[in-house]
Protein chains: 4
Amino acid sequence: MSDDTKIFEELFDENKKLTEKQKKIIAAAIESFAEKGYAATSTSEIANKAGVAEGTIFRHYKTKKDLLLAIASPVMAKFLAPFVIKDLNKVLNQKYEHYEDFMKAMIKNRALFLKENIPLFRILIQEIPFQPELKEQFTEHVAQKIIDRLEKTINHYQEKGQIIEMPTYTVMRVTISTIFGYLIARYILAPEGDWDDEVEINRTVEILMHGLAPKEA
Amino acid sequence: MSDDTKIFEELFDENKKLTEKQKKIIAAAIESFAEKGYAATSTSEIANKAGVAEGTIFRHYKTKKDLLLAIASPVMAKFLAPFVIKDLNKVLNQKYEHYEDFMKAMIKNRALFLKENIPLFRILIQEIPFQPELKEQFTEHVAQKIIDRLEKTINHYQEKGQIIEMPTYTVMRVTISTIFGYLIARYILAPEGDWDDEVEINRTVEILMHGLAPKEA
Amino acid sequence: MSDDTKIFEELFDENKKLTEKQKKIIAAAIESFAEKGYAATSTSEIANKAGVAEGTIFRHYKTKKDLLLAIASPVMAKFLAPFVIKDLNKVLNQKYEHYEDFMKAMIKNRALFLKENIPLFRILIQEIPFQPELKEQFTEHVAQKIIDRLEKTINHYQEKGQIIEMPTYTVMRVTISTIFGYLIARYILAPEGDWDDEVEINRTVEILMHGLAPKEA
Amino acid sequence: MSDDTKIFEELFDENKKLTEKQKKIIAAAIESFAEKGYAATSTSEIANKAGVAEGTIFRHYKTKKDLLLAIASPVMAKFLAPFVIKDLNKVLNQKYEHYEDFMKAMIKNRALFLKENIPLFRILIQEIPFQPELKEQFTEHVAQKIIDRLEKTINHYQEKGQIIEMPTYTVMRVTISTIFGYLIARYILAPEGDWDDEVEINRTVEILMHGLAPKEA
DNA sequence: TATGAATGAGGCTTCATTCAT
DNA sequence: TATGAATGAAGCCTCATTCAT
């Protein structure tokens with residue numbers, strides 16, 4: 001869990017053999033894309049911020065869009081990772097007897113992930129609507145897999161009688177809404193706020209759990 | 001309540017004295033901004049789509065950004081409207097005895113609003129992060145007022161013992177997350193889906209109500 | 001004959017409604033393309049020479065290549081014109097009883113044409129090998145028609161017993177070689193030379209005629 | 001005669017001590033220059049095609065233009081070779097009693113030369129108009145010598161009464177036009193055609209000879 | 001000798017904006 | 001008021017050339 005936090009270091013520093021210049025380009029691009037958006041960021045601005053010549057960018061990334069994809073794609077893959085663990089049910093059975101525990105674990109895990117990669121997260125949610133390549137990557141490779149896993153997970157806990165009998169997709173939607181609502185409020189809308197994450201996450205999950213609890217007999 | 005649905009017709013057709021050309025410009029700009037984003041839309045493209053000369057746009061809107069603001073500002077004002085009804089408490093007391101009813105009314109109302117103005121909604125959520133003017137308008141004039149009203153409303157129902165004793169902001173966050181989660185799923189992520197809105201809204205509110213219900217004595 | 005000489009004036013000044021700026025752009029482009037070649041001419045150089053902003057070029061010609069085509073296409077059409085006179089045979093019968101007269105008329109006519117349009121001619125022969133669009137235009141629309149006409153013409157004079165009995169294409173090749181050889185030497189290789197055109201053309205045709213004369217019985 | 005055919009092998013393989021890489025560079029450059037023109041060919045493209053690093057090109061040829069000259073100059077020298085044989089008159093007297101024989105020999109010889117070096121030939125005629133260095137080399141070192149020799153040759157046969165009494169340059173021009181006309185048609189315009197070279201050359205020379213024959217008394 | 005990352009000038013093109021008509 | 005030609009700054013990208021390894 002601790003090894004997938006700082007995406008930048010992991011993906012752009014170690015795994016691939018990136019030049020020092022390439023790393024600077026990536027870092028500069030992430031910063032500018034997150035702040036002003038892909039379309040409003042100029043390659044010369046990135047070059048400046050990275051301290052390289054503009055031509056250097058294009059030696060490594062044929063296109064400005066290629067640069068965007070080189071940034072966005074690994075993030076999606078990484079964000080997806082915890083959802084594609086093999087034999088999830090087994091993990092669930094062993095690890096979390098209650099949906100509540102699963103929820104808390106997941107929300108904390110992904111919150112940690114986001115906390116370390118806010119700019120990357122911003123780029124994703126801001127550019128997916130405009131970049132067909134990203135949209136496709138997201139819907140086909142990311143969203144679908146997350147949905148599949150969550151579906152199984154929810155069914156698993158429904159069978160154990162821990163979740164209300166409602167259509168899986170409704171449960172899923174409310175769950176995801178609640179989690180993303182917290183993450184967005186916490187890290188995007190009011191990152192300067194005075195948050196006690198431990199307490200706030202517990203409260204959020206508590207409300208959600210109440211809401212999803214099966215009706216009393 | 002029925003008169004604030006079709007923002008375009010209301011705001012851009014009737015209220016202001018807009019020439020035929022202006023309306024076409026606004027309509028074209030909305031379409032392109034929503035589809036490709038503000039930065040990636042060219043004024044010549046808008047002129048083309050609107051069937052006017054390029055210069056005509058700048059006769060009516062000094063700047064491309066002015067055009068964006070001319071579109072976005074009224075939407076925010078309009079979206080805000082139902083939250084700034086004077087003497088809200090009175091309204092609440094009279095109209096909705098239960099938080100659940102209030103929630104259902106609100107979610108249906110704003111869903112209707114969004115349904116009729118999806119492109120405008122997209123423009124807002126896509127451009128607010130990048131346009132300081134919009135961000136300021138939103139945080140100061142819109143978000144703050146909505147929060148104020150919701151705070152009073154939630155307190156109102158908490159006092160009536162219908163809502164769990166938790167910090168108002170936590171309740172508010174979960175509430176808004178749930179509503180927006182539904183709206184985004186319904187109208188942006190899967191607008192082509194097979195939705196039974198009546199049923200789905202009821203389910204969503206039901207879960208939320210369970211979650212926010214005060215703990216049993 | 002006198003009305004198809006100065007292509008520039010005719011095609012780029014009168015026929016089409018070209019702005020003053022457009023004419024300057026065309027004139028500047030012709031000059032530079034002829035002198036340095038299409039690929040080695042920059043649009044900024046053309047803009048400078050034409051005394052317009054670089055953007056102005058692209059308002060009128062979407063692409064640098066479009067500008068080239070806008071120059072080259074009319075020249076080909078114009079050069080082709082005298083070869084597509086309807087009912088050529090009739091004309092020939094009436095006009096030129098001897099192949100020799102026909103040859104002299106043609107060579108003088110096209111020489112006059114070239115003399116007035118040397119830069120355009122240079123652009124054509126220099127760029128046709130590299131621009132597929134031009135190559136196609138030339139082979140399909142120009143060369144083929146010229147060949148067709150010449151074939152009929154040659155056959156016509158062969159039947160009259162004025163031309164040696166050899167394959168038409170051989171006769172045609174030698175004829176065209178001789179004419180182009182004169183034109184290229186006269187206007188491209190040694191334009192500064194001391195030419196007595198009347199005499200030189202007569203000599204050239206005389207040699208050609210001797211060469212193509214039927215063998216004595 | 002057989003030793004000046006394949007210029008590439010002769011000039012770029014054996015004579016000079018070229019490394020394997022240099023040969024590959026030359027070969028790649030010839031291919032690209034002939035196909036797209038000097039200005040439209042990039043050094044990186046040449047490096048790619050040659051399978052060497054970009055820097056390697058510049059290690060051997062200080063400049064892109066140097067590379068062009070390294071290709072073009074030897075070709076001109078080689079093409080020139082048969083015209084600078086010492087004591088030409090003697091050779092002529094001994095070898096070819098009739099101008100016709102001389103013509104046939106020359107046309108066949110140069111045709112063979114071209115056939116084996118079409119790309120080099122294309123580069124020459126395409127780039128000479130644009131490269132002052134080449135133009136100078138050509139006019140001063142090549143054209144002038146060829147003209148000198150042909151002048152003597154023509155005079156020689158005129159004195160023998162085999163050629164019409166016309167200005168030498170006129171005879172020369174028609175002769176060269178006819179030869180080049182054949183070569184260009186044969187190897188550049190219609191290389192795919194169905195040519196019987198032996199027959200076609202004989203026909204061409206026959207026409208030319210008829211044309212240049214002295215007038216009957 | 002060979003490499004290929006790096007450069008920065010310059011190329012083509014787009015774009016928001018102006019202005020004479 | 002409406003037009004659209006004109007602008008020139010700026011954008012993305014290519015390219016010949018250099019240089020440390």
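Chain letters run A, B, ... following the sequence lines, proteins first and then strands; every chain starts at 1. Excluded from the calculations below are hydrogen atoms, water molecules and symmetry mates; all remaining heavy atoms, backbone and side chain alike, are included.
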Novice: Do any N or O atoms from the side chain of C:Lys78 and from the backbone of C:Ser73 form a donor-acceptor pair under 3.5 angstrom?
Specialist: no

Novice: Measuring to OP1 and OP2 of F:dA5, would you say a side-chain N or O of C:Arg59 lies under 4.0 angstrom away?
Specialist: yes

Novice: Please report the distance, rounded to the nearest Å, between NZ in D:Lys23 and C1' in E:dT1.
Specialist: 16 Å

Novice: Identify every side-chain donor-acceptor pair in residues 48-57 of chain D under 3.5 Å, counting partners at least two apart or on other chains, and give the distances.
Specialist:
| unit_1 | atom_1 | unit_2 | atom_2 | d |
| --- | --- | --- | --- | --- |
| D:Lys49 | NZ | D:Ser32 | OG | 2.9 |
| D:Thr56 | OG1 | D:Ala53 | O | 3.4 |

Novice: To the nearest 0.5 Å, tell me how far C:Lys36 NZ sits from C:Glu31 CD.
Specialist: 11.0 Å

Novice: Side chain of A:His60 only, heavy atoms from C-beta on: which candidate in F:dA2, F:dT17, E:dA5 is closest?
Specialist: E:dA5

Novice: Could you state the OH-P distance from A:Tyr61 to E:dA5, rounded to the nearest angstrom?
Specialist: 12 Å

Novice: Nearest 0.5 Å, what's the CD1-CG distance between D:Ile25 and D:Leu67?
Specialist: 7.5 Å

Novice: Give a yes or no on whether the backbone of B:Glu45 and the side-chain of B:Ser42 come within a donor-acceptor separation of less than 3.5 Å.
Specialist: yes

Novice: DNA chain F: D:Gly55 or B:Thr56, which has the more 5' nearest nucleotide?
Specialist: B:Thr56

Novice: Mind checking which stems touch DNA chain F? I mean at least 3 consecutive Watson-Crick or G-U pairs, both distances under 3.5 Å.
Specialist: E:2-21 with F:2-21

Novice: What is the distance, to the nearest angstrom, from the CD atom on A:Glu20 to the P atom on F:dA20?
Specialist: 18 Å

Novice: Set out, in order, the CA-CA distance, both residues' side-chain angles and the distance that settles side chain to side chain contact (heavy atoms under 4.5 Å, CB included) for D:Asn117 and D:Phe121, then state yes or no.
Specialist: CA-CA 6 Å; D:Asn117 301 287; D:Phe121 184 57; 5.6 Å; no

Novice: If you only use heavy atoms from C-beta on, which nucleotide in E:dA16, E:dA2, F:dT18 is closest to the side chain of D:Phe58?
Specialist: F:dT18

Novice: Can a donor-acceptor pair be found between the side chains of C:Tyr38 and C:Gln131 at a distance below 3.5 Å?
Specialist: no

Novice: Side chain of C:Glu54, heavy atoms from C-beta onward: which of E:dC12, F:dA6, E:dA6 has the nearest atom to it?
Specialist: E:dC12

Novice: Round to the nearest Å and state the distance from D:Lys64 atom NZ to F:dT18 atom P.
Specialist: 15 Å

Novice: Please figure out whether C:Gln22 or D:Lys65 has its closest DNA chain F nucleotide nearer the 5' end.
Specialist: C:Gln22

Novice: With respect to the side chain of B:Thr63, which nucleotide from F:dT3, E:dT17, F:dA6 is positioned closest?
Specialist: E:dT17

Novice: Pick the closest DNA chain E nucleotide for C:Lys62 and for A:Ile57 by heavy atoms, then say which residue is nearer the 5' end.
Specialist: A:Ile57

Novice: Could you please name the option among F:dA6, E:dT17, E:dC12 that lies closest to any side-chain atom of C:Thr19?
Specialist: F:dA6

Novice: Can you give me the closest heavy-atom contact between C:Ala70 and C:Tyr61, atom names plus distance?
Specialist: CB-CE2, 3.6 Å

Novice: If you compare all heavy atoms of A:Ala72 against all heavy atoms of A:Leu134, which two are closest, and at what distance to 0.1 Å?
Specialist: CB-CD2, 3.5 Å

Novice: Short of 4.0 Å, heavy atom to strand atom, which residues of residues 36-53 of chain A count as contacting DNA chain E?
Specialist: A:Val52, A:Ala53

Novice: Could you tell me how far apart B:Asp66 (CG) and E:dT17 (C1') are, to the nearest whole angstrom?
Specialist: 12 Å

